[in-house]
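No hydrogens, no waters, no symmetry mates; every other heavy atom, side chains included, goes into these values.
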Amino acid sequence: MSAKGHAYELMTPELIQQCSGIQLGDTLVKSLVFSTDMAVIRNCDADAVLCVYPFACDEEINRSVIQGAGKPVLNGVAGAITAGQRCVCLAQAAQKDGAAAVVANMMTDPADIRALTEAVSIPVVLTVATLDDDTRLRIEAGASIINVAAGHKTARVVTAVRAEFPHMSLIATSGKSYEALKRTIEAGADAITWTPPSIQEIERQVMLGHRIRANA
């Protein structure tokens, strides 16, 4: 049930509850919804929100999601497009606005990750797609949570990261099947990011149901 007392419309996979979870403030986070859509976020039972997007990181986007989500938000603040002092300022603003963590993508310079860890007291999350020497440099620059997003190789990368950095908290993507999700959890993911259907697909399904009932 939601804080407002109504049943959630979007449910994350029940299997995710087998994760150990990551403590973010007062919330033990096992599931994260990957979305910036407030209608989706507020009607989803995920414990937290992964607010990252394929554009330059934006303070107003980050703030609006934090203010409306009603649950912990991990805000994207750094990457190949957003770097240097700009990403530090975004991270500080996100922390001030109430973000639970800030996220740096896999192209972030290690120097920027180090600067983020020095600028904010909330966790710095590093997204990775592999475990190579460049990734190790980024992890060792100060990231406190690793977010594995490696497509069909996600479980394999989680296994490698868990073996080499056993005390790191690990988030990972859920994959496209029950079997993929199960492998990722068994590999050692502490929390899972779930990608919901688009609002357009949800609306299409709702309207289809309405038309079927109207023509019954």
Minimum side-chain heavy-atom gap T159-R156 below 4.5 Å: no

- line: The reported gap from CD in Q95 to CG in N75 (rounded to nearest 0.5 angstrom) is 11.5 Å

field: Heavy-atom side-chain proximity of V128 to R138 below 4.5 angstrom
entry: no

Nearest heavy-atom neighbours spanning V102 and I122: CG1-CD1, 3.9 Å

Identified side chain to side chain contact (heavy atoms under 4.5 Å, CB included) partner of V148 from the options L126, V157, T130: V157

message: Using only atom types and a distance under 3.5 Å, with no angle test, would you say the side chain of T12 pairs donor to acceptor with the backbone of S31?
response: no

field: hydrophobic_cluster_shared for Y178 and I16, side chain cutoff 4.5 Å
entry: yes

- prompt: Do V40 and V65 share a hydrophobic cluster, counting only Ile, Leu, Val, Met, Phe, Trp and Tyr and linking them when any side-chain heavy atoms are less than 4.5 Å apart?
  reply: yes

field: Pair V120-Q92, side chain to side chain contact (heavy atoms under 4.5 Å, CB included): steps then yes or no
entry: CA-CA 6 Å; V120 297; Q92 291 173 326; 4.3 Å; yes

message: Just to verify, what does P197 make a side-chain contact (heavy atoms from CB on, under 4.5 Å) with, not counting sequence neighbours?
response: L10, W194, E201, I202

field: Pair listing, salt bridge (charged side-chain N to carboxylate O under 4.0 Å, His left out) test, anchored in residues 17-37, at least two apart
entry: none

- prompt: With a 4.5 Å limit on heavy-atom distance, are the side chains of P72 and V49 in contact?
  reply: no

task: Measure the spacing between OG1 of T173 and NZ of K176 and express it to the nearest 0.5 Å.
output: 10.5 Å

query: Looking only at heavy atoms, which two atoms of V88 and A115 are closest? And how far apart?
result: CG2-CB, 3.9 Å

message: If hydrophobic residues (ILVMFWY) are linked whenever their side-chain heavy atoms come closer than 4.5 Å, directly or via other members, who joins F34 in its cluster?
response: I22, L24, V29, L32, L50, V52, L74, V103, V125, I145, I171

- prompt: Out of curiosity, Q17 CD to I192 CD1, how far, rounded to the nearest 0.5 Å?
  reply: 11.0 Å

- request: Locate the shortest heavy-atom distance separating S177 from A180; write the atom from each residue and the value.
  value: OG-N, 3.1 Å

- request: Please collect all side chain to side chain donor-acceptor pair (under 3.5 Å) contacts where either partner lies in residues 102-117, sequence neighbours excluded, each pair once.
  value: none

- prompt: Side chains of I61 and Y53: does their closest heavy-atom pair fall under 4.5 Å?
  reply: yes

- prompt: Heavy atoms, side chains only, cut-off 4.5 Å: are T27 and K71 in contact?
  reply: no

Transitive ILVMFWY side-chain link M106 to I146, under 4.5 Å: no

- prompt: What pairs with E60 under side-chain contact (heavy atoms from CB on, under 4.5 Å), at least two apart in sequence or on another chain?
  reply: D58, R63

task: State, with a plain yes or no, whether a side-chain heavy atom of N62 is found less than 4.5 Å away from one of C51.
output: yes

Shortest non-hydrogen separation from A78 to L116 and the atoms involved: CB-CD1, 4.0 Å

message: How close do T154 and A149 get, counting heavy atoms only, and between which atoms?
response: OG1-C, 4.2 Å

field: Rounded distance [0.5 Å steps], SG in C19 versus CG in L181
entry: 7.0 Å

message: Does T195 form a side chain to side chain contact (heavy atoms under 4.5 Å, CB included) with S174? I'd like the steps, not just the answer.
response: CA-CA 8 Å; T195 301; S174 61; 5.7 Å; no

field: Of all pairs that satisfy salt bridge (charged side-chain N to carboxylate O under 4.0 Å, His left out), the ones with a partner from residues 184-199, not counting sequence neighbours
entry: R162-D190, K182-E186

field: Contact summary for S35 and P196, nearest pair of heavy atoms
entry: CB-CG, 4.3 Å

field: Rounded distance (nearest 0.5 Å) linking atom CD1 of I139 with atom CD1 of I113
entry: 9.0 Å

query: Which value, rounded to the nearest 0.5 Å, describes the distance between M107 atom CE and I81 atom CD1?
result: 10.5 Å

